[in-house]
Amino acid sequence: MLFNSLQYPIFLAFIFLLYWWLNEKSLKWQNLMLLAASYYFYGCWDWRFVFLLAFSTGLDYFSGITIYEAKTKFKKKLWLYLSVGINLGFLGFFKYYNFFIESFAELLQGFGLQPHYSTLQIILPVGISFYTFHGLSYVFDIYYNRLKPSYNWVNYTLFVSFFPLLVAGPIERATHLLPQLERPRKFDYPKAVDGLRQILWGLVKKVVIADNCAIFANQIFNDSTHQSGSNLALGAILFTFQIYGDFSGYSDIALGSARLLGIELLKNFNFPYFSRDIAEFWRRWHISLSSWFKDYLYIPLGGSRGGNWLRIRNTFIIFLVSGFWHGANWTFIIWGGLHALYMMPSIITRTNRNNLETVAKGRFLPSLKESVQLIVTFTLVTLAWIFFRAESVIHAFSYISGIVSPTLFSAPKLPEMDRILILVVLLVLFLFIEWIGREKNYAIEGIPSIKSKSFRWVYYCMITLAIYFFGNFEETVEFIYFQF
Amino acid sequence: MRRFVQNIMIFIGIVIAFNCVVYYFAYKTYYNGYSVVPEKRFHSFVFSDSHGLPLAKYPEEYNVYNFSAGSESYFDIERKLLYLIENKYQIDTVYVNVDDHMLSRYRDNNNNTDRSVFYLTKNNTDTFTYIQSKYITYYFVILQPKIRTIFRRFLLRSVASIIHPELVKEEDWSTLSAEQRVVKSEDRKNYQFSGQKSSERLKISLENIISLSKEHNITLLGVKFPLAASYMDVLGDANFGADKVLSDSGIRILDHKTAFADQDGYFSNQDHLNKQGGKVFSKILFE
């Protein structure tokens with residue numbers, strides 16, 4: 001059940017009504033209903049993986065309690081390793097088994113050997129990278145005494161499988177979400193309206209921006225050898241907007257859906273393309289994953305406390321692991337490595353925390369210096385996305401070499417140029433609205449400040465009409481991050 | 001909560017009102033004219049996409065009913081044929097378009113699935129699909145991507161015709177220069193033949209049409225409509241193979257692709273005849 005399918009609003013409306021009706025009866029039943037709904041939601045993809053989710057959740061639930069109650073450090077460590085090992089084992093098997101086999105075989109072939117190997121037809125359980133990380137953060141927090149375990153299995157299971165975040169995040173922390181699930185919720189009108197508003201904006205990002213960009217980005221990437229430099233550059237830019245619209249749109253719908261139920265999820269995006277350097281970009285892109293790696297990998301490795309070499313090493317480690325987390329392909333690893341490389345100047349000169357505030361805060365336009373910084377950062381990010389999107393490393397390099405050609409300065413030429421022109425107009429409008437709202441949590445959060453009620457209604461209707469007229473409903477495009 | 005539900009209801013009310021406006025538009029421009037039931041006196045039928053439209057009512061002079069519609073796919077033709085069979089039409093001959101693009105993904109995406117439900121019968125589908133497609137999506141038109149596209153195109157065209165009338169002006173094919181014809185032909189080719197793979201769904205429908213014809217002793221004939229010379233040059237051997245599916249089953253193909261190769265005056269664009277071309281072609285096809 002996709003967030004942009006017709007089934008989802010029907011499902012959400014039904015859950016919403018039942019949820020608030022149960023609110024007056026009992027918290028336990030309310031959470032139980034939410035849990036059942038979450039498992040149903042997950043089972044809509046492939047019911048077989050429901051058992052894997054339940055097993056992984058059960059393992060972390062009991063590990064958490066055992067670690068907390070263990071009398072000796074050895075026993076604590078044993079259960080931590082057991083939980084982490086099994087969780088990563090599942091992740092490794094489903095996601096990386098074929099990659100390791102193939103890479104090892106290629107390595108042997110490099111030495112002139114002809115290994116006989118076979119890969120498995122493994123279906124990747126949707127959301128496995130996300131719920132595995134939920135569970136891992138929980139056992140880590142208990143092990144490091146940052147959290148007491150939950151003795152209520154319904155609440156804990158709901159924390160891992162809460163449907164808005166189950167398949168593509170945000171990657172929640174037990175310290176943030178569990179307390180919300182343990183206390184009674186109260187219906188709050190402004191919050192509920194805010195949730196709907198964020199869902200609406202998420203839909204714009206997904207079906208208007210991402211899915212329309214996807215048509216042309218796919219066309220160009222799938223036939224990159226026959227495209228001019230300008231077409232390839234256009235394809236890379238369109239993919240840059242596609243992935244932002246797709247993933248941040250998903251996150252907006254997830255956050256909005258949870259807010260309708262009175263639950264606040266972690267913010268996942270904060271206008272990343274309005275960043276002045278790469279460090280700022282990573283404080284604004286997939287925030288829940290970046291902060292997860294920071295807390296559970298970067299800081300345990302020593303963080304930025306040591307000298308330059310330690311900082312450089314740690315930065316490379318988290319970016320390479322982050323790349324690998326995205327998928328079993330060298331393209332993702334190079335994408336991560338490239339970002340680590342981009343980070344180097346600011347890491348070495350210790351300027352990575354220079355741009356903490358929103359660009360041009362309190363002003364309408366950025367300064368010339370800020371504009372140059374924005375363009376440079378956007379270009380670097382776009383270049384890295386080519387690796388992320390390409391089928392293979394060779395494909396990525398040939399794509400980039402195709403851009404750097406004399407045809408880069410010719411006008412892009414593709415079938416249906418009129419649709420591309422409409423898309424460009426939509427992108428400009430979209431960026432304008434995002435720019436106006438960049439100091440908010442999401443672009444249209446400021447609508448309630450419009451005093452006239454009828455004007456607010458006109459605004460909502462215009463956005464809905466934009467979704468209707470310009471959304472790509474011809475083909476259902478799955479969310480990119482579902483594959484991770 | 002009450003206030004929230006109230007506002008949601010108002011919003012749903014606005015959506016329903018909007019749906020009524022779009023339905024009115026859809027009825028006037030899209031549904032109306034499509035849902036026609038042929039008279040039972042006809043025993044021969046032409047099934048085609050927009051290539052068959054210029055034939056207009058000329059086939060009736062030869063007792064053949066032109067059952068063509070713009071964007072018609074084999075899926076829609078199969079529905080219509082089943083409808084005729086179920087409603088006890090005495091069918092002798094069926095002329096079906098087998099132009100090169102008929103099995104393309106383009107035709108698969110641009111079809112009449114949403115309006116050919118008019119010909120869908122209870123016996124040919126399950127109850128859920130029958131109710132959903134015949135009553136829910138048929139009337140709740142904002143759920144139909146194609147009507148949305150037509151509505152959007154209509155609005156954009158209306159705006160363009162006010163701002164810049166030259167933009168929407170259709171030029172007569174015969175008045176275009178050779179270069180302009182080549183450009184238009186290349187655009188059309190890129191649009192209709194962009195993918196490598198043919199549509200499996202349409203191929204299955206075409207095979208069903210062949211089986212139905214055999215089962216009911218209907219003479220099935222494949223027709224290739226005339227194309228303008230410059231388009232044929234650009235097209236080369238691009239073909240998704242609808243003609244091959246028929247000929248492999250031993251069905252005769254009436255190949256008129258080159259019939260008007262030196263007569264651009266019979267075309268409204270690179271692959272569509274004009275009214276006069278339609279009249280002349282009807283004579284060639286049915287006499």
Side-chain angles (χ1 to χ4, degrees), chain A residues 5-6 9-10 12-13 16-17 19-21 23-24 186-197 200 207 211 215-216 218-220 222-223 226 260 262 413-419 421-422 425 453-454 456-458 460-476, chain B residues 1-19 21-22 25 105-106 108-111 113-114 132 136-137 140-157 159-160 167-168 183-197:
Chain A
S5 68
L6 194 60
I10 296 167
L12 187 64
F16 174 83
L17 292 173
Y19 176 85
W20 288 114
W21 178 73
N23 192 44
E24 287 158 20
K186 206 175 154 216
F187 182 79
D188 182 18
Y189 176 79
K191 254 189 169 187
V193 175
D194 194 45
L196 278 183
R197 198 165 30 238
L200 194 65
V207 298
D211 290 354
I215 299 170
F216 302 104
N218 289 343
Q219 210 172 308
I220 295 167
N222 293 343
D223 187 31
H226 300 107
L260 271 177
K413 202 178 167 200
L414 284 160
E416 299 185 84
M417 276 309 281
D418 52 337
R419 281 184 78 181
L421 287 175
I422 292 172
V425 172
K453 191 180 173 184
S454 41
R456 286 200 302 270
W457 271 95
V458 169
Y460 293 133
C461 289
M462 295 284 277
I463 294 172
T464 314
L465 277 179
I467 293 172
Y468 175 70
F469 280 118
F470 300 109
N472 175 12
F473 297 103
E474 277 82 1
E475 45 194 309
T476 313
Chain B
M1 178 63 111
R2 207 176 149 182
R3 191 176 154 206
F4 184 78
V5 174
Q6 244 172 14
N7 281 343
I8 293 284
M9 288 302 162
I10 294 172
F11 185 76
I12 291 172
I14 294 172
V15 170
I16 291 171
F18 179 67
N19 182 69
V21 172
V22 181
F25 167 84
R105 294 281 169 120
Y106 154 81
D108 196 355
N109 294 332
N110 295 278
N111 53 46
T113 314
D114 39 17
Q132 191 212 22
I136 300 174
T137 48
F140 210 63
V141 284
I142 57 170
L143 298 178
Q144 292 183 23
K146 189 172 177 189
I147 288 174
R148 194 272 311 257
T149 308
I150 295 170
F151 194 32
R152 185 178 61 192
R153 234 181 256 163
F154 169 79
L155 290 180
L156 287 173
R157 256 182 106 82
V159 172
L167 270 178
V168 290
V183 169
K184 280 192 176 277
S185 298
E186 278 174 348
D187 280 351
R188 174 76 82 192
K189 188 194 173 187
N190 290 336
Y191 192 46
Q192 294 192 337
F193 293 83
S194 57
Q196 300 282 322
K197 283 184 181 172

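Values below: all heavy atoms of this structure, side chains included; hydrogens, waters and symmetry mates excluded. Bear in mind that the values here come from a model prediction, so they are computed numbers and not experimental data. Below, chain A is the first sequence line, B the second, and so on; all start at residue 1.
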- Here the pair of heavy atoms bringing A:Y189 nearest to B:R3 is CE2-CZ, 3.2 Å
- Query: At what distance, to the nearest 0.5 angstrom, does CG of A:L196 lie from CZ of B:F4?
  - Reply: 4.0 Å
- Closest heavy-atom pair and its distance - B:M1, A:W20: CE-CB, 3.2 Å
- Query: What part of A:L465 lies closer than 4.5 angstrom to a heavy atom of chain B: side chain, backbone, both or neither?
  - Reply: side chain
- Message: With a strict 4.5 Å heavy-atom criterion, list every residue of residues 5-14 of chain B that contacts chain A, or say none.
- Response: B:N7, B:I8, B:I10, B:F11, B:I14
- Note on the structure: When every non-hydrogen atom of A:F469 is compared with those of B:L155, the smallest separation belongs to CZ-CD1, 3.5 Å
- Message: For a 4.5 angstrom cut-off between non-hydrogen side-chain atoms, does B:V15 reach A:Y468?
- Response: no
- Message: Applying side chain to side chain contact (heavy atoms under 4.5 Å, CB included), can you list everything that pairs with A:K191, at least two apart in sequence or on another chain?
- Response: A:D188, A:R259, A:E264
